[in-house]
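Scroll down for the structure; my scribbles are underneath it.
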Amino acid sequence: MNSAITAFLTDRPTPTIARSLLGHQLHFQTPTGKLTALITETEAYLGAPDAGAHAYQNHQTPRNRALWQPAGTIYIYQLRAWLLLNLVTQSAGTPECVLIRAVEPVAGLKRMQQNRAQTGANLTNGPGKLMQALGLPRELNGHPLNESALSLDIQPSRQPAQIVTTSRIGIVNKGAWTQAALRYYVAGNPYVSKISRRTVDHQHHGWLVASER
DNA sequence: TGTACGATCCGCT
DNA sequence: GCGGATCGTACAA
């Protein structure tokens, strides 16, 4: 992993990192081609104090071991029948991470449709969906970003016109941590989980366009 | 738009 | 056993 990625994933608080990941591209290199997608929705998980996090109270298990590794380590775990993708942030020993909750397809759309047997926003508008669309194997767990088949662009490809901040999805009965505003998504982007169709910006998908800069 | 249910692995009781 | 950072299908309203 190069030092620029390490700096990007350590030099600010994890909520800020989660927010700033919107508009960055993920690439998955496969033997038969590259799949590329823009990050549209993220959630921050803040380690030991965070009652909604797997690393709450520094509780370490075989499953969540990757969280204690350095920034840029890939943390993949299974929930029910699905895999979920997280990027570890902060230095080794600080078990914080960002959950990638949704992405917008950029390249390899046909492959994603084959992987998912779905079309449209349903392709990647959820954490389990995007993993299936990209076809990321669970074996990436514990491996470093950008030294494996999965890489993250250090520079953003698009800039959100507006970012919405809400509480995290699926964190129930965790007191203040249930309410904590740690979920971020691109307003108007169709590839975001649990949004109503009426709020979708069909023209620009919520990204800034050149004429607006 | 909503509720119900099953898929199916890991960690806890 | 049971529930979880989820999702697709079935069915109701």
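Every chain is numbered from 1 and lettered A, B, ... according to where its sequence line falls, protein lines coming before strand lines. Scope of the values below: all heavy atoms of this structure, side chains included, with no hydrogens, waters or symmetry mates.
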*Find the distance Tyr56(A):OH to dG11(B):C1' and express it as a whole number of Å.*
16 Å
_Between P on dC10(B) and CZ on Arg65(A), what's the gap in Å once rounded to a whole number?_
13 Å
*With sugar-phosphate meaning primed atoms plus P, OP1 and OP2, does Ile169(A) contact a base, only sugar-phosphate, or nothing at under 4.0 Å between heavy atoms?*
sugar-phosphate
*Side chain of Pro62(A): nearest nucleotide among dA5(C), dG11(B), dT8(B)?*
dG11(B)
*asked:* Tell me the interatomic distance from Glu41(A), atom CD, to dC7(C), atom P, rounded to whole angstroms.
replied: 9 Å
*asked:* Roughly how many Å apart are dG1(C) and dG6(B), using the P atom of each and rounding to a whole number?
replied: 16 Å
_Work out how far the C1' atom of dG8(C) is from that of dC10(B), and round it to whole angstrom._
22 Å
*Round to the nearest Å and state the distance from Gln60(A) atom CD to dC10(B) atom C1'.*
15 Å
_Closest approach to the side chain of Gln78(A), judged atom by atom: which nucleotide of dC7(C), dA5(C), dC9(B) is it?_
dC9(B)
_Phosphate OP1/OP2 of dT1(B): any Arg197(A) side-chain N/O under 4.0 Å_ = no
*Establish, from distance only, whether the side-chain atoms of Thr14(A) and Gln90(A) form a donor-acceptor pair under 3.5 Å.*
yes
_Would you measure the distance from the P atom in dC5(B) across to the matching atom in dC2(C) and give it in whole Å?_
15 Å
_Nucleotide nearest Leu84(A) (side chain, heavy atoms from C-beta), chosen from dA5(C), dA7(B), dC9(B)_ = dA5(C)
*Which part of the nucleic acid, if any, lies within reach of Arg168(A) when heavy atoms closer than 4.0 Å are counted: base, sugar-phosphate only, or nothing?*
nothing
*Determine which nucleotide pairs with dT1(B), using a 3.5 Å limit on both distances of a Watson-Crick or G-U wobble pair.*
dA12(C)
*Any chance the side chains of Trp68(A) and Asn58(A) put a donor and an acceptor closer than 3.5 Å?*
yes
*asked:* Whole angstroms only, please: what is the CZ-P distance between Arg138(A) and dT8(B)?
replied: 12 Å
*Out of dG11(B), dC7(C), dA5(C), which has the shortest distance to the side chain of Trp82(A)?*
dC7(C)
*Assign the ring pair Tyr75(A) / His54(A) to parallel, tilted or perpendicular, where the plane angle (0 to 90°) is split at 30° and 60°.*
perpendicular
*Given that both distances must come in under 3.5 Å, which nucleotide forms a Watson-Crick or G-U wobble pair with dT8(B)?*
none
*What is the distance, rounded to the nearest whole Å, between atom CG of Leu85(A) and atom C1' of dT6(C)?*
14 Å
*Determine: side-chain N/O of Lys129(A) to OP1/OP2 of dG8(C), distance under 4.0 Å, yes or no.*
yes
*Does Leu85(A) reach the side chain of Ile74(A), with side-chain heavy atoms less than 4.5 Å apart?*
yes
*What nucleotide, of dC9(B), dA7(B), dT6(C), holds the atom closest to the side chain of Ala81(A)?*
dA7(B)
*Mind calculating the distance between CG (Leu79(A)) and P (dG11(B)) to the nearest angstrom?*
13 Å
*Between dC10(B), dC9(B), dA5(C), which one does the side chain of Tyr77(A) approach most closely?*
dA5(C)
*Less than 4.5 Å apart, any side-chain heavy atom of Leu145(A) and any of Leu150(A)?*
yes
*5' precedence on DNA chain C between Val172(A) and Asn122(A) (nearest-nucleotide basis)*: Val172(A)
*Look at all strands and tell whether Gln118(A) reaches a base, only sugar-phosphate, or nothing, counting heavy atoms closer than 4.0 Å.*
sugar-phosphate
*Okay, side chain of Thr40(A), backbone of Ala102(A): is any donor-acceptor separation there less than 3.5 Å?*
yes
*Value in whole Å for how far the P atom of dC10(B) lies from CG of Asn141(A)*: 11 Å
